[in-house]
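Side chains are part of it too, since the values below use all heavy atoms of this structure and drop only hydrogens, waters and symmetry mates.
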Amino acid sequence: MKKKNCWEIMECGREPGGLNADELGICPVPQEQKLNNINQGKNAGRSCWAVAGTMCFGKVQGTFARKINDCLHCKFFELVKNEEGNTWTSTTDILIRLKK
């Protein structure tokens, strides 16, 4: 079964063609190809917590260091972690891939 990406669960509408993309801009998550297939997501769709510039709580979030505490308590973060179980790609491994 295909796993859902953050924009499908959180319904932010900031994916390309999304309802809020014109007004709020396209989120960097659906465009981040370095993280494609991580945790079975499209681009960074299932590793969004490691990508700067996401929108949470109605505000664009900054750097990883500034946003990670909120992300660790996010329902989507918990969903991905539970769905992936032993195949979960750690945040450290995700950050390493982003730096390449």
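Legend: residues meeting side chain to side chain donor-acceptor pair (under 3.5 Å) with K81, ordered by chain and number and at least two apart, are absent. Under the salt bridge (Lys or Arg N to Asp or Glu O under 4.0 Å) criterion, E11 pairs with no residue at all, not counting sequence neighbours. The side chain to side chain donor-acceptor pair (under 3.5 Å) check on S47 picks up nothing, with sequence neighbours excluded. For Q40, the side chain to side chain donor-acceptor pair (under 3.5 Å) partners at least two apart in sequence or on another chain are E84.
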Quick one: side chains of residues 13-30, donor-acceptor pairs under 3.5 Å with protein atoms, not counting sequence neighbours, listed by atom name and distance.
from: R14; atom 1: NE; to: G25; atom 2: O; distance (Å): 3.0
from: R14; atom 1: NH1; to: G53; atom 2: O; distance (Å): 3.4
from: N20; atom 1: ND2; to: C12; atom 2: O; distance (Å): 2.7

Which atom pairs, one a donor and one an acceptor, fall under 3.5 Å between side chains of residues 92-100 and the rest of the protein, sequence neighbours left out?
from: D93; atom 1: OD2; to: S90; atom 2: OG; distance (Å): 3.3

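Looking only at side-chain heavy atoms (C-beta outward), F76 and C48 come within less than 4.5 Å of each other. Counting only heavy atoms from C-beta outward, the side chains of K2 and E8 approach each other to under 4.5 Å.
The structure places NZ of K42 at 11.0 Å from CG of N37, a figure rounded to the nearest 0.5 Å. Separation of atoms NZ (K67) and CG (D70) is listed at 9.5 Å; rounding is to 0.5 Å. With rounding to the nearest 0.5 angstrom, the CD atom of E32 is 12.5 Å from the OG1 atom of T54.
The backbone N or O of T89 lies less than 3.5 Å from a partner atom in the side chain of N39, making a donor-acceptor pair.
For the side chain to side chain contact (heavy atoms under 4.5 Å, CB included) criterion with V80, the lone passing option out of K75, R46, K3 is R46.
The shortest heavy-atom contact between F64 and A50 is CD1-CA, 3.8 Å. Taking each heavy atom of A44 and V51 in turn, the nearest pair found is CB-CG2, 3.8 Å.
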